Amino acid sequence: MHTTDAPWLSIDARMKTASIDSSHPGFYGDPYAAYERIRAVAPVFYWREQRLWCFLNAADVGAVLKDRRFGRELLPLPGQPALEPEIPEHLRAFHAFNRASMLEREPPVHTRLRNLVSRAFLTRSIDRLRPRIAALAAELLGQMRPAGEAELLFAFATPIPVTVIAELLGVPTAMAPQLLAWSHRMVAIYELGKTRATEDAAEAATREFSEFILGHIAERRRSPADDLITHLIASEAAGDRLSEEELVGTCILLLNAGHEATVHAIGNSVKTLLEQGTDPAAAFADDAATERTVEECLRFDPPLHLFRRFVQEDLEIAGVRLPRGTEVALLYGAANRDPARYEDADRFVPSRPTPGGASAHASFGGGIHFCIGAPLARLELQVALPALFRGLPGLRLKGAPRYKDAYHFHGLEALHVAWP
Ligand code: HEM
């Protein structure tokens with residue numbers, strides 16, 4: 001095992017393994033440095049502590065995403081009965097939520113769920129939310145301005161996505177603090193260093209959240225409104241509808257996924273723009289410039305770095321033999337810094353041509369699980385970031401921002417800023 005000069009990382013190039021202490025600030029504060037050291041010797045490596053084969057390169061990540069031999073759940077072999085995973089008693093509600101969530105399913109269940117949800121989602125265009133997001137940003141900036149300083153995650157980056165997703169679904173925005181609390185307790189289960197206490201908290205939050213959503217669905221059945229929950233209830237394809245359990249699972253998934261990543265995408269983007277001394281006038285000169293800047297922010301420092309897949313059948317990929325049932329990880333943050341895909345990959349270049357097609361960044365994933373909320377997340381960033389820099393001229397960092405001790409959700413602990 002080759003120990004690097006970093007105490008939290010050692011690499012064995014011959015065995016293609018790495019030992020990474022994911023709770024060391026040297027790693028979670030700058031995982032990109034670790035990615036490059038490992039990529040140089042083993043672009044596909046076995047992460048010993050996590051027992052995961054990890055893919056770093058953009059081409060490999062893209063190939064796995066499109067390869068149906070990899071999936072979010074392990075499917076039964078052809079002709080075999082459905083696999084019944086052992087569900088610990090203390091995670092029953094959380095497991096039921098996962099089984100009703102498109103993110104955790106593969107076709108044919110995934111296709112059916114995603115189809116029904118997409119229909120409800122696309123009933124009206126996401127772009128119609130633009131004026132509402134702008135008004136929300138203006139309102140928050142108005143509240144912040146007199147103080148001359150703020151903790152931006154609390155004052156700006158959190159309320160925008162939470163309010164937008166709550167309004168979109170038709171859940172009272174007064175519930176926002178409770179939604180945040182449930183969501184944080186649920187998503188903590190995806191952290192690498194989860195404990196039994198994390199699991200118990202996630203289970204309790206799932207039960208409370210489900211009960212609340214069930215009540216809300218019943219209310220919308222009685223008095224339909226022009227909101228996503230009503231559209232989800234009515235959504236129909238080939239005579240098929242979402243079951244009650246699927247409705248609850250989908251609402252929770254959308255509420256959680258709808259803000260957790262976007263909050264940190266806003267935070268990480270503002271940090272990058274300020275640290276890099278980007279000229280806001282050029283970065284947000286017009287719609288095209290804003291779009292390029294937002295995509296570069298998402299490429300440069302995305303909020304979600306690791307997603308898992310199961311190997312459905314014995315196979316060999318990128319020189320590694322993987323038996324059925326192996327769990328692999330796609331490192332989206334590493335794919336985004338692949339020098340084979342991007343010139344000067346470690347440089348932040350807001351005028352970089354908008355990645356599309358083969359050069360698209362991996363921050364929203366790809367293949368059948370490509371983020372269903374990407375158009376909404378992009379819109380929120382495209383409206384909120386220029387509004388912030390125009391609304392608070394002279395915005396600057398107040399102290400060096402620190403990342404949270406959480407690898408999977410790569411976001412800041414706090415973002416203190418000030419303005420003249
Ligand atoms: C910047 C913000 C966001 C980022 C970086 C992000 C990232 C992602 C990624 C990487 C995936 C794929 C996971 C995988 O490969 O297994 C995903 C899936 C998903 N996202 Fe997002 N997301 C964001 C915002 C949103 C929003 C605003 C919503 C909802 C309105 C949302 C809803 C979902 C859903 C429902 C899925 C599951 C799709 C499926 O399994 O077919 N996301 N997201």
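Hydrogens, waters and symmetry mates play no part in the numbers below; they use all other heavy atoms, side chains included. Please read all numbers here as calculations on a predicted model, not as lab measurements. Counting convention: from 1, in listed order, for ligands and their atoms alike.
Aromatic ring pairs are classed by plane angle as parallel below 30°, tilted from 30° to 60° and perpendicular above 60°; the pair Phe307 and His408 is perpendicular. The aromatic rings of Phe209 and Phe212 are tilted relative to each other, their planes meeting at an angle between 30° and 60°. Using bins of under 30°, 30° to 60° and over 60° for the plane-to-plane angle, the ring pair His410/Tyr403 lands in the parallel bin. Classified by interplanar angle (parallel below 30°, tilted 30° to 60°, perpendicular above 60°), the ring pair Tyr407/Phe27 is tilted.
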### Task
Please step through side-chain hydrogen bond (donor to acceptor under 3.5 Å, both in side chains) for the pair His95 and Glu104, ending with a clear verdict.
CA-CA 10 Å; His95 183 78; Glu104 306 299 337; over 6 Å; no
### Task
With side-chain hydrogen bond (donor to acceptor under 3.5 Å, both in side chains) as the test, would you mind laying out the steps for Glu219 and Ser223 before giving the verdict?
CA-CA 6 Å; Glu219 165 64 26; Ser223 44; 3.1 Å; yes
Once you restrict both partners to nitrogen or oxygen, which atoms of ligand 1 have a protein partner under 3.5 Å, and how far apart are they?
unit_1   : atom_1 : unit_2 : atom_2 : d
ligand 1 : 15 (O) : Arg309 : NH2    : 2.9
ligand 1 : 15 (O) : Tyr332 : OH     : 2.6
ligand 1 : 16 (O) : Arg309 : NH1    : 2.9
ligand 1 : 16 (O) : Arg309 : NH2    : 3.2
ligand 1 : 40 (O) : His369 : ND1    : 2.6
ligand 1 : 41 (O) : His110 : NE2    : 2.7
ligand 1 : 41 (O) : Arg114 : NH1    : 2.7

